[in-house]
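These figures come from a predicted structure and were not determined experimentally. Counting starts at 1 for both ligands and their atoms, following the listed order.
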Amino acid sequence: MIRLQNIEKVYRTNTIQTLALNSINLDIEKGEFLSVMGPSGCGKSTLLNIMGLLDVPSGGTINIDGQSTISFSDKELAKFRNQKLGFIFQSYHLINDLPVLDNVEVPLLYRNSTAKERKTLATAALEKVGLSNRMKHFPTQLSGGQRQRVAIARAIVGKPEVILADEPTGNLDSAMGNEIMDILLQLNRDDGTTIVMVTHDEFMAQKTHRLVRLFDGSQVQ
Ligand code: ADP
Ligand code: ADP
């Protein structure tokens, strides 16, 4: 589903160069649930951003769902990302002055769907995460766990093949974190969605199919 070959990432500022990823080779199967761990600054977010086509590598090739994305224009990348990938972040990244339902509809605004179709799909996504009774609430009226469930609904509303999650339980207590993890496990098991999750939590990582560890930009496991 995702094939990374010899991925390098160098960040350059005026005076410093940082090798954030050093020759990463990774094959992620369709339907796999992979977790990525490692100390702060080891390159986890950089790796996820490169897989998510939010950032470009300094070297190496990326193949997602049989397509090499390295020669895509920005417009092609945005379209591919919108159709194939769903993102979940530690800090939710919801739009606080839009109601829950409208937040979930956002990814569909970049597709040719009618208002009615958007509403139907967003409602179904919210039902899937158990929040159909909060559609008219605003994000600030929800708990952290509920906000993350809205973010998951937004990530899945376009039926992506891959979900990329950057510490999705990092801001939550263990009960809410477990709820979020259960939803991700269910999406993986029932819908076959491929998931890559960055986490600091060994307990969460153990629930996934495979664990990759990074250290100083290199894969050590
Ligand atoms: P992690 O997610 O594991 O904490 P990151 O991928 O965020 O690690 O960062 C990896 C390395 O790259 C770190 O040394 C970090 O300081 C550096 N880095 C990350 N983003 C940038 C950036 N935009 N500019 C310069 N250096 C960066
Ligand atoms: P952190 O792990 O520090 O809380 P986040 O998980 O919020 O960071 O975000 C991870 C990365 O994704 C950041 O580099 C951020 O700039 C980027 N990002 C966050 N939200 C979006 C978004 N909606 N679209 C594109 N990139 C985003």
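Comparing V10, L47, N49, T46 by heavy-atom distance to atom 5 (P) of ligand 1, the nearest is T46. For atom 10 (C) of ligand 1, the choice among G41, S45, G38, G217 with the nearest heavy atom turns out to be G41.
Listed by number with element, the atoms of ligand 1 under 4.0 Å from a non-hydrogen atom of S40 are 4 (O). The ligand atoms of ligand 1 that sit less than 4.0 angstrom from a heavy atom of T18 are 12 (O), 14 (O). Atoms of ligand 1 lying under 4.0 Å from any heavy atom of P39, numbered from 1 in the order shown and given with element: 3 (O).
Scanning both residues, L21 and G43, for their nearest heavy atoms gives CD2-O, 3.6 Å. Between P99 and K136 the shortest heavy-atom distance is CB-O, 4.0 Å.
Considering backbone and side-chain N/O atoms, K44 comes within less than 3.5 Å of an N/O atom of ligand 1. Looking at A20 next to ligand 1, no N or O pair under 3.5 Å apart turns up.
Looking only at protein heavy atoms, the nearest one to atom 8 (O) of ligand 1 is G43 N, 3.1 Å. Nearest to atom 22 (C) of ligand 1 among the protein's heavy atoms is Y11 CD2, 3.4 Å.
For atom 16 (O) of ligand 1, no protein heavy-atom neighbour is present inside the 4.0 Å cut-off.
Of the charged side-chain nitrogens involved, none lies within less than 4.0 Å of a carboxylate oxygen, so that R189 and E32 do not count as a salt-bridged pair. A salt bridge links D191 with K128: at least one charged nitrogen is closer than 4.0 Å to a carboxylate oxygen. Using a 4.0 Å cut-off between a side-chain N of Lys or Arg and a carboxylate O of Asp or Glu, K30 and E161 qualify as a salt bridge. The pair K119-E105 does not count as a salt bridge, with every side-chain nitrogen at least 4.0 angstrom from each carboxylate oxygen.
Using a 4.5 Å heavy-atom cutoff, the side chains of I152 and L187 are in contact.
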